[in-house]
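Down below is the structure, laid out as structure tokens.
Every number for a ligand or one of its atoms is a count from 1 in the order of the listing.
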Amino acid sequence: MSTLALTGGRVLRPDLTVDRADVLVDQETGEIAEIGPDLGGAADETLDATNSLITPGFVNGHCHVAMTLLRGYADDKPLDAWLSEDIWPAEAELTPEAIEAGAELGLLEMIRAGTTGFADMYFSMERVADAVERAGLRARLGHGVISVGKEHEAAREDAETGLAFAREYDGAAEGRIRTAFMPHSLTTVSTDIYEEYVPKARELDVPIHLHANETADEVTPIVEEHGVRPLTYARDLGLLEPQDFLAHGVHVDETEIDLLAETDASVIHCPASNMKLASGMAPVQTLRDAGITVGLGTDGAASNNDLSLLDEARDAAMVGKLAADDAAAVAADTVVELATTGSAEAIGLPAGRLEPGAPADLAVVDLTGAHLTPAHDLVSHLAYAAAASDVRHTICDGRVLMRDREVLPLDAEGVCERATAEATALIDRAES
Ligand SMILES: CSC[C@H]1O[C@@H](n2cnc3c(O)ncnc32)[C@H](O)[C@@H]1O
Ligand SMILES: [Zn+2]
């Protein structure tokens with residue numbers, strides 16, 4: 001077996017205790033072989049983890065990775081105006097090449113932030129999948145289906161694209177890519193498309209992922225048209241199975257929380273996007289107390305405006321306390337769980353735990369920064385003080401994706417140049 005040892009560091013265990021240990025990775029299986037003292041001697045390759053914390057890689061439960069091209073293009077608007085006045089007109093000019101360049105930029109940023117897995121909904125997903133294969137991360141990918149503003153046959157074609165992608169790419173990149181059927185939301189996909197395509201997605205045995213209950217404005221038309229709350233409507237459409245995961249879940253009432261708990265569907269909390277678009281505050285502590293699996297997502301870089309799960313964890317803790325009016329709510333250990341095991345369970349990727357036999361998806365966080373001194377509590381540091389730039393090494397599936405801040409599978413300079421050129425050309429097309 002070919003082995004990689006991470007030596008001299010401290011390890012964040014699944015129960016969130018920390019101790020000094022080395023980690024030995026079997027690079028053939030991509031799994032953690034052993035955690036314990038002095039494992040460096042016999043390894044084929046070593047990574048220095050001195051003065052560092054070895055954590056599970058972070059998992060981004062909801063993203064539109066190619067939207068890095070639109071970072072900073074439209075800010076300071078609420079969701080509806082942001083999408084209809086700026087984002088959708090620009091996205092109408094996207095090309096597959098632009099999407100691939102934007103995806104590569106996002107993947108570069110994620111590797112640098114210690115992210116090893118993510119869920120993504122967008123267009124030209126075969127190009128996103130190609131970029132994921134090259135970059136070496138794990139992903140749950142799906143074509144975003146929208147029917148609003150389309151003739152019925154065009155909407156069916158879009159849904160067929162979503163099914164075909166889910167069928168053809170599940171298991172790609174040596175199993176690192178899994179797929180899902182991804183209708184955009186309850187208000188942008190019509191009832192008849194749901195009625196026809198949810199059973200077809202079930203036949204493929206892939207999860208369903210959609211935006212739900214993100215803004216108050218989205219709840220009202222569903223109640224008016226269907227006479228029930230959005231998640232009752234979603235349940236009636238067959239959208240709340242245990243493998244399914246919803247992005248946002250901000251405006252959920254008690255009956256909807258009960259419904260999520262009963263059905264075992266998961267919620268991906270996107271606090272930065274929710275704050276920036278002033279969508280509202282998700283009741284994260286209440287969701288967790290009800291036994292619902294909650295993960296953490298950045299959403300796209302145009303509504304965040306970065307792809308750092310460490311930033312997101314801090315945001316989740318801060319806004320969670322405010323939403324619950326309780327400083328003890330959404331505590332440090334909770335947000336570390338949300339960013340690792342919570343997201344991994346929600347999106348159905350095998351990651352999130354540091355133990356023998358688990359996938360070797362790891363981030364190594366340098367603890368020497370002044371902002372991480374002194375080190376009373378490393379879980380507290382992950383939740384409240386560490387930044388993406390503190391991540392020193394990133395490993396996914398046993399492969400080193402970043403060593404001492406150098407991203408190995410991607411040419412960082414070339415990625416930034418291509419993305420800048422594609423973003424400039426995109427905005428020129430959109431505004432001409
Ligand atoms: C159909 S592909 C995905 C689609 O979603 C748009 N999007 C980005 N962020 C959000 C958000 O917070 N709520 C709803 N929709 C969002 C993205 O621009 C694509 O058009
Ligand atoms: Zn989104």
Side-chain angles (χ1 to χ4, degrees), residues 60-71 73-75 77-94 96 98-99 102-103 106 118-128 140-150 154-155 157-159 161-162 165-166 179-190 193 197 208-219 230 245-251 267-280 282 295-307 312 315 343 346-347 423 426 430:
N60 190 346
H62 175 73
C63 191
H64 313 280
V65 68
M67 289 187 80
T68 51
L69 294 186
L70 296 171
R71 186 193 334 254
Y73 174 62
D75 299 313
K77 290 187 178 185
L79 178 69
D80 278 354
W82 177 75
L83 283 174
S84 59
E85 292 167 14
D86 303 295
I87 298 300
W88 282 341
E91 286 179 338
E93 300 298 329
L94 278 168
I99 288 174
F118 70 108
D120 207 79
M121 172 200 291
Y122 214 53
F123 316 103
S124 297
M125 291 305 290
E126 60 293 336
R127 304 298 282 260
V128 177
R140 173 78 64 184
L141 305 179
H143 167 83
V145 176
I146 294 191
S147 70
V148 71
K150 290 180 184 152
E157 259 175 48
D158 200 31
T161 302
F165 179 83
T179 59
F181 184 65
M182 297 195 181
H184 175 255
S185 78
L186 294 170
T187 51
T188 52
V189 176
S190 61
I193 292 291
Y197 285 94
I208 295 181
H209 173 49
L210 65 150
H211 298 90
N213 299 51
E214 181 176 0
T215 63
D217 287 351
E218 182 192 335
V219 171
F245 54 107
L246 311 173
H248 300 296
V250 173
H251 299 277
V267 173
I268 304 296
H269 177 38
C270 302
S273 172
N274 296 158
M275 287 191 283
K276 184 163 185 260
L277 301 171
S279 301
L296 209 51
T298 58
D299 218 339
S303 61
N304 187 303
N305 287 4
D306 65 48
L307 302 180
E312 215 62 39
D315 289 343
S343 286
I347 72 175
L426 172 67

- [ ] Would you mind reporting whether Thr187 and Asp217 have side-chain heavy atoms less than 4.5 Å apart?
- [x] no

Open item on the list: Going by salt bridge (charged side-chain N to carboxylate O under 4.0 Å, His left out), name the residues that satisfy it together with Arg127, two or more places apart in sequence or in a different chain.
Closed with: Glu97, Glu100

Open item on the list: Does this structure show an ion pair linking Asp75 with Lys276, if we count only N-O contacts that are shorter than 4.0 Å?
Closed with: yes

Between ligand 1 and the protein, give all atom pairs where both partners are nitrogen or oxygen and the distance is under 3.5 Å, as lines of names plus distance to 0.1 Å.
| residue | atom | partner | partner atom | Å |
| --- | --- | --- | --- | --- |
| ligand 1 | 5 (O) | His184 | NE2 | 3.2 |
| ligand 1 | 9 (N) | Asp299 | OD1 | 3.4 |
| ligand 1 | 12 (O) | Glu214 | OE2 | 2.7 |
| ligand 1 | 12 (O) | Asp299 | OD2 | 2.7 |
| ligand 1 | 13 (N) | Glu214 | OE1 | 2.7 |
| ligand 1 | 13 (N) | Glu214 | OE2 | 3.3 |
| ligand 1 | 15 (N) | His184 | NE2 | 2.8 |
| ligand 1 | 18 (O) | Glu91 | OE1 | 3.2 |
| ligand 1 | 18 (O) | Glu91 | OE2 | 2.7 |
| ligand 1 | 20 (O) | Trp88 | NE1 | 2.9 |
| ligand 1 | 20 (O) | Glu91 | OE1 | 2.6 |

- [ ] Could you tally the protein N/O/S atoms lying less than 2.8 Å away from the Zn ion (ligand 2)?
- [x] 4

Open item on the list: Can you confirm whether His211 sits close enough to Thr188 that some side-chain heavy atom of one is under 4.5 Å from a side-chain heavy atom of the other?
Closed with: no

Open item on the list: Among residues at least two apart in sequence or on other chains, which ones pass salt bridge (charged side-chain N to carboxylate O under 4.0 Å, His left out) with Glu157?
Closed with: none

TODO: Taking the side chain as every heavy atom from C-beta outward, state whether Glu91 and Leu70 have any pair of such atoms under 4.5 Å apart.
DONE: yes

Open item on the list: Quick check: do His248 and Ser273 have side-chain heavy atoms less than 4.5 Å from each other?
Closed with: yes

Task: Leu94 and Leu69, any side-chain heavy atoms less than 4.5 Å apart - done: yes

Task: Minimum side-chain heavy-atom gap Leu246-Asn213 below 4.5 Å - done: no

